[in-house]
Protein chains: 2
Amino acid sequence: MKKQVKDKRTAIMETALKLFTERGFQGTSTAQISKEAGVATGTFFNYFPTKEDLINSLYFEVKGRLSSSMEKEIESKSTFQERVRRLWSNFINWGIDNQEEFLFVGQFCSSPYITKYTREEVMKEYIFLHNLVNEGIKTGEIKDFSPELTIAMFYQSSRAVVNLILNSNLSKDKNELIENGFQIIWRGLSEN
Amino acid sequence: MKKQVKDKRTAIMETALKLFTERGFQGTSTAQISKEAGVATGTFFNYFPTKEDLINSLYFEVKGRLSSSMEKEIESKSTFQERVRRLWSNFINWGIDNQEEFLFVGQFCSSPYITKYTREEVMKEYIFLHNLVNEGIKTGEIKDFSPELTIAMFYQSSRAVVNLILNSNLSKDKNELIENGFQIIWRGLSEN
DNA sequence: AAAGAGACTGACTGATCAGTCAATTATAGA
DNA sequence: TCTATAATTGACTGATCAGTCAGTCTCTTT
């Protein structure tokens, strides 16, 4: 039965995501995940050969969802700056609306679990970022720095804003933080 | 004997730092740390009541060292921009020269180990950052955004540059990355 | 209704974990 | 030298870990 298969697999992944962000990867046992997900420990290993396999699957899945969230309504924007701004707010709002996923990615990326291979594999989903940056450089919209530097600073800055919003409980100035953050990073990158 | 006491404690901390960045917190056992540090497991628990205690001690220790590294030769600089630039390069060079410490802090901060209390406690060591930012705002050198936002974006951007340098093995353009990164963040923050 | 296929189960295993403690060794003062 | 104090040791413990597997249950097909 296809439906049940998907259900259990999804239940395991969702439960794992929650517990991982609460207790860390090695701090969460496969037994805990299985129990909370409502499946037997044997079932866990039907879907994921090892615990590490689950962690990696989760990472690819979450990064994929993030990737499509970021691209949303980008093309409909006309100017380069409007598209970058949209990218900025898309990412930050994704982080706010998907706190567990956001924290999980952060945890995974700074853990020894991530290999150079995984990092590069995920990067392939973000070619559109490179394309965007190269376009901006070519049209003279942004400064001609190394695209890796530009992307890394943009990405980490946006993560900084999400963390700021998540740690402060004032949702009042949420939009102000997003807007001010964009002003900072845009001014830094743009050719003016 | 005071000297040996310090030696063993230091040996444990240094070994733990190395193993934690290699295998993660929960992926490293107290037995492994003890063995590699050349002490008995019992000795480990003489110096640190629990494993978590060691992790927290390490974090405070490392953050303290980072703090004093960052402030180095700041006061001797005359202009505000020169001081901020110095802060920028101090932090990045610290990350490059102390890769294990740098990775450990990143790992700890995105792990569930860090509590709100710990985070705030460490923040107290960085009051000089707040003072610097407030001074910059008052004298009109930098834009009047929330100091938390300014500091967070500055800090995460510098971490982005360190990661970029550590992951690429080209030490050739190291200084170029540091300089370009500074241009981006300074232009973003400054009032011009 | 019978039977074959595959999803699902949970008791089980050997390994490993954080932490203990009684015994041993090293140090310092008299 | 002798003795008291403190540092160090590592075998040990009960708990917990990732992963296994022989068997049960639930569908689908005929």
Side-chain angles (χ1 to χ4, degrees), chain A residues 1-61 104 107-108 111-115 118, chain B residues 1-61 104 107-108 111-115 118:
Chain A
M1 225 233 252
K2 265 283 136 108
K3 206 177 120 195
Q4 270 205 13
V5 165
K6 263 276 165 263
D7 279 353
K8 302 225 172 194
R9 201 186 140 90
T10 305
I12 291 169
M13 290 183 94
E14 280 175 1
T15 307
L17 187 66
K18 189 187 125 207
L19 295 181
F20 283 156
T21 56
E22 275 173 14
R23 316 173 193 185
F25 300 136
Q26 291 122 325
T28 307
S29 70
T30 54
Q32 286 172 327
I33 298 169
S34 304
K35 193 179 173 188
E36 195 130 335
V39 302
T41 62
T43 307
F44 178 101
F45 290 98
N46 270 355
Y47 292 104
F48 305 97
T50 66
K51 187 185 177 184
E52 207 172 319
D53 215 85
L54 163 68
I55 297 172
N56 274 282
S57 298
L58 252 182
Y59 181 65
F60 279 103
E61 164 97 17
F104 170 80
Q107 212 175 311
F108 185 79
S111 83
Y113 273 104
I114 197 164
T115 59
T118 311
Chain B
M1 224 233 251
K2 263 286 135 99
K3 206 178 121 195
Q4 268 204 15
V5 165
K6 264 275 166 265
D7 279 354
K8 302 225 173 193
R9 201 186 141 91
T10 305
I12 291 169
M13 289 182 95
E14 280 174 0
T15 308
L17 187 66
K18 189 186 127 209
L19 294 181
F20 282 155
T21 56
E22 275 173 13
R23 315 173 196 186
F25 300 135
Q26 291 122 323
T28 308
S29 70
T30 54
Q32 285 171 327
I33 297 170
S34 305
K35 193 179 175 188
E36 195 130 334
V39 302
T41 63
T43 306
F44 178 100
F45 289 98
N46 271 355
Y47 291 105
F48 305 97
T50 65
K51 186 186 178 183
E52 207 172 319
D53 214 83
L54 163 67
I55 297 173
N56 274 281
S57 298
L58 253 182
Y59 181 65
F60 279 104
E61 164 96 18
F104 171 80
Q107 212 175 311
F108 185 80
S111 83
Y113 274 104
I114 197 164
T115 58
T118 311

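Just the heavy atoms: all of them, side chains too, but no hydrogens, waters or symmetry mates, feed the values below. Letters A, B, ... are given to chains in the order of the sequence lines, protein chains preceding strands, and every chain is numbered from 1.
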Please list each protein N or O that sits under 3.5 Å from an N or O in nucleotides 21-25 of chain C, with the distance.
none

Ring pair (Phe, Tyr, Trp, His ring centres under 6.0 Å) against A:Phe20, all qualifying residues, sequence neighbours excluded: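 For A:Phe20, the residues satisfying ring pair (Phe, Tyr, Trp, His ring centres under 6.0 Å) (neighbours in sequence not counted) are A:Phe25.
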By ring pair (Phe, Tyr, Trp, His ring centres under 6.0 Å) - contacts of B:Phe45 (at least two apart):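 Listed in chain order: nothing, the list is empty.
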Side-chain N or O of A:Lys8 closer than 4.0 Å to phosphate OP1/OP2 of C:dG6: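 Answer no for this pair, as no side-chain N or O of A:Lys8 is under 4.0 Å from OP1 or OP2.
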Distance test, side-chain N/O of B:Tyr47 to OP1/OP2 of D:dA7, below 4.0 Å: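 No.
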Could I get the full list of side chain to side chain donor-acceptor pair (under 3.5 Å) partners for [X], not counting sequence neighbours?
| X | value |
| --- | --- |
| B:Glu61 | B:Arg65 |
| A:Thr118 | A:Thr115 |
| B:Glu14 | none |

Listed partners of B:Glu52 passing salt bridge (charged side-chain N to carboxylate O under 4.0 Å, His left out), at least two apart: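 With sequence neighbours excluded, B:Glu52 shows a salt bridge (charged side-chain N to carboxylate O under 4.0 Å, His left out) to no residue whatsoever.
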Hey, what are the protein-to-nucleotides 12-19 of chain C N/O distances that come in under 3.5 Å?
from, atom 1, to, atom 2, distance (Å)
C:dA18, OP1, B:Lys51, NZ, 2.7
C:dA18, OP2, B:Thr30, N, 2.8
C:dA18, OP2, B:Thr30, OG1, 3.1
C:dG19, OP2, B:Lys51, N, 2.9

Point-to-point distance, once rounded to the nearest 0.5 Å, from CD1 of B:Ile114 to CG of B:Asn56: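 Rounded to the nearest 0.5 Å, the CD1-CG separation comes out at 8.5 Å.
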B:Lys35 NZ - D:dA11 P separation (whole Å):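 Atom-to-atom, B:Lys35 to D:dA11, this comes out as 12 Å.
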Atom pair distance, as rounded to whole Å: CD1 in B:Ile33 and C1' in D:dG10: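 For the pair B:Ile33 CD1 and D:dG10 C1', the rounded distance is 17 Å.
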Listed pairs under 3.5 Å, donor-acceptor, residues 31-40 of chain A side chains, sequence neighbours left out:
from, atom 1, to, atom 2, distance (Å)
A:Gln32, OE1, A:Ser29, N, 2.9
A:Ser34, OG, A:Thr30, O, 2.7
A:Glu36, OE2, A:Lys18, NZ, 2.7

